[in-house]
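Here is the structure we will look at.
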Amino acid sequence: MAPSRPSCYGPPQSIPKEETISSTIFIGNLSFETTEEELRGVLTDVDPGVRVRLGTDRVTGKPRGFAFAQFTDPARAADAIRRFDAFELRGRRLRVNDADDKPPPRAPRPSVGAPAPMVEAFEPEGGFGGGPPFRRNGGSRRGLRARKRSLRY
């Protein structure tokens, strides 16, 4: 038996054997045509009482390609993660993980047509045309409107 520590040190620290997971899982990379009933049909092999919610756009109501599934207990959720991660449904490989976990980072996408970095414009000492240098502070909004009106033809 391990020697007991004095109570002034607080309760003994327990070492978790395995990280606990929730009973809700995240299912990503779904086809936009996948329905809740179809996904529920796949997941009922693990738990007949599974509840499925598809992520939809708030404005259009169209599916966004992911879902959450809530199982009756965490053991069944862990079993579903093991069985259905990289499972192919409607020609797409599903990404399944615990809803509380952040998925592993993906490789960055190549930037096609990305804008070039901005380069500061060169302006001579006295400004262009020998006039006074450009001032940024343009004054009040009323003054700007008056100047705009004076530029009209």
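- The CG atom of Leu39 lies 12.5 Å from the CZ atom of Phe68; values are rounded to the nearest 0.5 Å.
- Atom CZ of Arg93 sits in a sparse spot, with 12 or fewer heavy atoms from other residues, nucleotides or ligands closer than 6.0 Å.
- Taking CD from Glu37 and OG1 from Thr44, the interatomic distance works out to 12.0 Å, rounded to the nearest 0.5 Å.
- Among pairs with a residue in residues 24-33, those fulfilling side-chain hydrogen bond (donor to acceptor under 3.5 Å, both in side chains) read Asn29-Arg92, Ser31-Glu33, at least two apart in sequence or across chains.
- Two residues are said to be in side-chain contact when any heavy atoms from C-beta on lie closer than 4.5 Å; Phe87 and Val42 meet this criterion.
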Inset, instruction - Take Phe26 and Asp100 through the test side-chain contact (heavy atoms from CB on, under 4.5 Å) and record every step on the way to the result. - result: CA-CA 8 Å; Phe26 172 82; Asp100 296 334; over 6 Å; no
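- In plain terms, the two heavy atoms of Thr72 and Gly49 that are nearest each other are CG2-O, 4.3 Å.
- Pro63 is not listed as a side-chain neighbour of Thr34, based on a closest heavy-atom distance of 4.5 Å or more.
- Put simply, the side chain of Ile27 does not reach to within 4.5 Å of the side chain of Asn97, judged on heavy atoms.
- The two residues Glu38 and Leu89 come nearest to each other via the heavy atoms OE2-CD1, 4.0 Å.
- Taken from OG1 in Thr35 to CZ in Arg90, the straight-line distance is 6.5 Å, to the nearest 0.5 Å.
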Sequence neighbours excluded and cut-off under 3.5 Å, please list the side-chain donor-acceptor pairs for residues 74-86, or say none.
residue : atom : partner : partner atom : Å
Arg76   : NH1  : Asp47   : OD1          : 2.8
Asp85   : OD1  : Val96   : N            : 3.0

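- No more than 12 heavy-atom neighbours from other residues, nucleotides or ligands sit within 6.0 angstrom of CZ on Arg51.
- Note on residues 54-63: pairs passing side-chain hydrogen bond (donor to acceptor under 3.5 Å, both in side chains), not counting sequence neighbours, are Asp57-Thr60.
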